[in-house]
Student: 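My structure is below; once you've seen it, I'll send some questions.
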Amino acid sequence: MSRAERCRNPWNGRCRNTDIEAFIVSKGSRLPICRRCWAKIADSHVEWGVDEPKRSKRILRGA
């Protein structure tokens with residue numbers, strides 16, 4: 001029997017969901033991300049770079 005991969009969202013260390021939607025590379029490690037966490041990451045203001053993602057400094061008003 002194989003073990004299901006669990007979410008390893010680096011910004012939500014408590015998520016252990018097995019509904020994997022995508023994989024990201026962070027600090028050289030390939031991390032599985034669940035559907036719920038991926039939706040939050042996709043809607044956030046993260047700037048993806050060569051080294052690692054960073055939060056955007058852009059401020060949204062009225063959000």
Side-chain angles (χ1 to χ4, degrees):
M1 178 183 354
S2 65
R3 292 181 12 185
E5 286 188 288
R6 296 191 176 274
C7 183
R8 292 183 48 208
N9 180 352
W11 299 284
N12 179 359
R14 292 180 286 179
C15 184
R16 306 307 286 163
N17 198 334
T18 58
D19 185 20
I20 303 303
E21 175 76 11
F23 290 85
I24 64 171
V25 175
S26 178
K27 297 182 181 179
S29 296
R30 181 178 171 262
L31 305 175
I33 305 296
C34 73
R35 184 177 305 270
R36 185 175 3 149
C37 286
W38 181 247
K40 290 178 183 179
I41 292 169
D43 287 339
S44 70
H45 299 286
V46 175
E47 293 180 13
W48 297 90
V50 174
D51 296 326
E52 62 185 74
K54 298 183 258 187
R55 294 280 176 193
S56 173
K57 294 182 181 173
R58 183 177 64 165
I59 298 173
L60 295 178
R61 299 199 185 268

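Remember, predicted model here, so these are calculated numbers, not experimental data. No hydrogens, no waters, no symmetry mates; every other heavy atom, side chains included, goes into these values.
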Student: Report the distance from atom CZ of R16 to atom CZ of R8, rounding to the nearest 0.5 Å.
Tutor: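 R16 CZ to R8 CZ: 8.0 Å, rounded to 0.5 Å.
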Student: When rounded to the nearest 0.5 angstrom, what distance separates CG in N17 from CZ in R36?
Tutor: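 Atom-to-atom, N17:CG and R36:CZ are 5.0 Å apart.
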Student: According to a 4.5 Å side-chain heavy-atom criterion applied to Ile, Leu, Val, Met, Phe, Trp and Tyr, with indirect links allowed, do W38 and W11 form part of one hydrophobic cluster?
Tutor: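 As far as the 4.5 Å side-chain criterion goes, W11 and W38 are connected within one cluster.
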Student: Would a hydrophobic clustering, with Ile, Leu, Val, Met, Phe, Trp and Tyr connected at side-chain separations under 4.5 Å, put I41 with L31?
Tutor: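 Yes; tracing contacts between hydrophobic side chains, which count when under 4.5 Å, links both residues.
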Student: Applying side chain to side chain contact (heavy atoms under 4.5 Å, CB included), name anything that partners N12, two or more places apart in sequence or on another chain.
Tutor: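 Testing N12 for side chain to side chain contact (heavy atoms under 4.5 Å, CB included), a comparison that skips the adjacent residues, returns N9, R14, C15, C37.
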Student: T18 and R6: which non-hydrogen atoms are nearest, and at how many Å?
Tutor: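 Result for this residue pair: CG2-NH1, 3.6 Å.
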Student: Within this structure, what is the CD1-CD distance for the pair I33 and E5, rounded to the nearest 0.5 Å?
Tutor: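 Between atom CD1 of I33 and atom CD of E5 there are 10.5 Å.
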